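Since the model is a prediction, treat every value here as computed from it, not as a measurement. Order of the sequence lines fixes the chain letters, A, B, ..., with proteins taken first and strands second; residue numbering starts at 1 for each chain.
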Amino acid sequence: MAFSIVTWNINSVRLRLPIVQHLLEMWQPDVLCLQETKCPDDQFPTAAFKKMGYEHIAMHGQKGYHGVATIAKEPFAAESEWLEFCDMGDTRHMSTRHTIPGMSDPVLLHNFYVPAGGDEPDIVKNPKFDHKLKFLDEMTDHFGGRFKDDKNIVVGDLNIAPSENDVWSHKQLLKVVSHTPVEVETLDRVFKAGGFVDLVRQNFPEPELLYSWWSYRSRDWQTSNRGRRLDHIWSHPDVAKHLSSVDILSEARGWEKPSDHVPIRAVFG
DNA sequence: ATGGTGGACGCTCCA
């Protein structure tokens, strides 16, 4: 029995509700993790999801910025604590426990929206870049500490394209926030602390070019194809063993009023 | 070297 998890930075769940519904009809995932919902919890379009058979919703949102939500067909347990990164109070993380058929232990599914980090890759001149690196350091602490005995899955917009095959031009992006060596190294410490497997790369090995995001500031995203792989799905090796396929839905970048990110799906079993 | 677009909010910030 297959079980699928989708992650998507939706850039306003209320504005994008039609394309979210389209995705649910198309893929019917068991679990959908959204980032950048930009929606306070009491204004989340809960009824629209319930009407589509997604009756179980946990969210952690705020007015105007950030916000994550995890939506499922079957019941799950939401962890009551969110990581309060850097004491900013930003809604950038939530975690939920799910039972996946064929797996003996429940998984702990982390839904992340890592800070973008501003324009300049300098921690002195740019406090947002400093915040991004500190946020990642706190992730490393948590995966080496409180979550170390869990079967973790990490999904979300991590706002870093780690490999040279995750960007349209490695050379031209080395000094661009999202692909700088210090970000890649800091993210790699998170990855190693959790003992993770990159499920997307397990399915599409290097050197295949993979992108999940194309800027809005481009005349024709498809022709110029200057993308970056900012969205990720990682898991504990015991979970990775059950991976059967991964899909990156690039065509969603061309949908009506698109997000600048596209959905990624991992299928288990 | 610069600007390009888009969303939320409310006369501006963030990506």
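Per the geometry, NZ belonging to A/Lys257 stands 8 Å off P belonging to B/dG6, to the nearest Å. Rounded to whole Å, atom P of B/dG4 lies 18 Å from atom CG of A/Asp220. Across the protein-nucleic acid pair, A/Glu120 atom CD and B/dA1 atom P stand 13 Å apart, rounded to whole Å. Whole-Å rounding puts the A/Ile19 CD1 to B/dG7 C1' distance at 13 Å. Distance CG (A/Leu17) to C1' (B/dG7): 16 Å, rounded to an integer number of Å.
The side chain of A/Arg14 places no N or O atom within less than 4.0 Å of a non-bridging phosphate oxygen (OP1 or OP2) of B/dA8.
Here the closest heavy-atom approach between residue A/Arg14 and residue A/Cys39 is recorded as NE-SG, 3.6 Å.
Aromatic pair A/Trp255/A/His22: ring centres closer than 6.0 Å.
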Please list, pair by pair, any protein nitrogen or oxygen found under 3.5 Å from a nitrogen or oxygen in nucleotides 13-15 of chain B.
{"unit_1": "B/dC14", "atom_1": "OP2", "unit_2": "A/Lys128", "atom_2": "NZ", "d": "3.4"}
{"unit_1": "B/dA15", "atom_1": "N6", "unit_2": "A/Arg217", "atom_2": "NH2", "d": "2.5"}
{"unit_1": "B/dA15", "atom_1": "N1", "unit_2": "A/Arg217", "atom_2": "NH2", "d": "2.9"}

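A/Arg226 comes within contact range of no nucleotide atom at all, as no heavy-atom separation falls under 4.0 Å.
The pair A/Lys132-A/Asp137 fails the salt-bridge criterion, with no side-chain N (NZ, NE, NH1 or NH2) lying under 4.0 Å from an Asp/Glu carboxylate O. Here A/Lys73 does not pair with A/Glu55 in a salt bridge; the nearest charged N to carboxylate O distance is not below 4.0 Å.
When each of A/Thr37, A/Thr46, A/Asp42, A/Val13 is checked for a side-chain contact (heavy atoms from CB on, under 4.5 Å) with A/Met59, only A/Thr46 meets the rule.
B/dT5 and B/dC11 have their P atoms separated by 24 Å, with the value rounded to a whole Å. For the C1' atom pair drawn from B/dC13 and B/dC9, the interatomic distance equals 9 Å after rounding to whole Å.
Ring orientation note: the planes of A/Phe196 and A/Trp234 are tilted relative to one another, at an angle of 30° to 60°.
When each of A/Arg219 and A/Thr37 is assigned the nucleotide of DNA chain B bearing its nearest heavy atom, the one mapping closer to the 5' terminus is A/Arg219.
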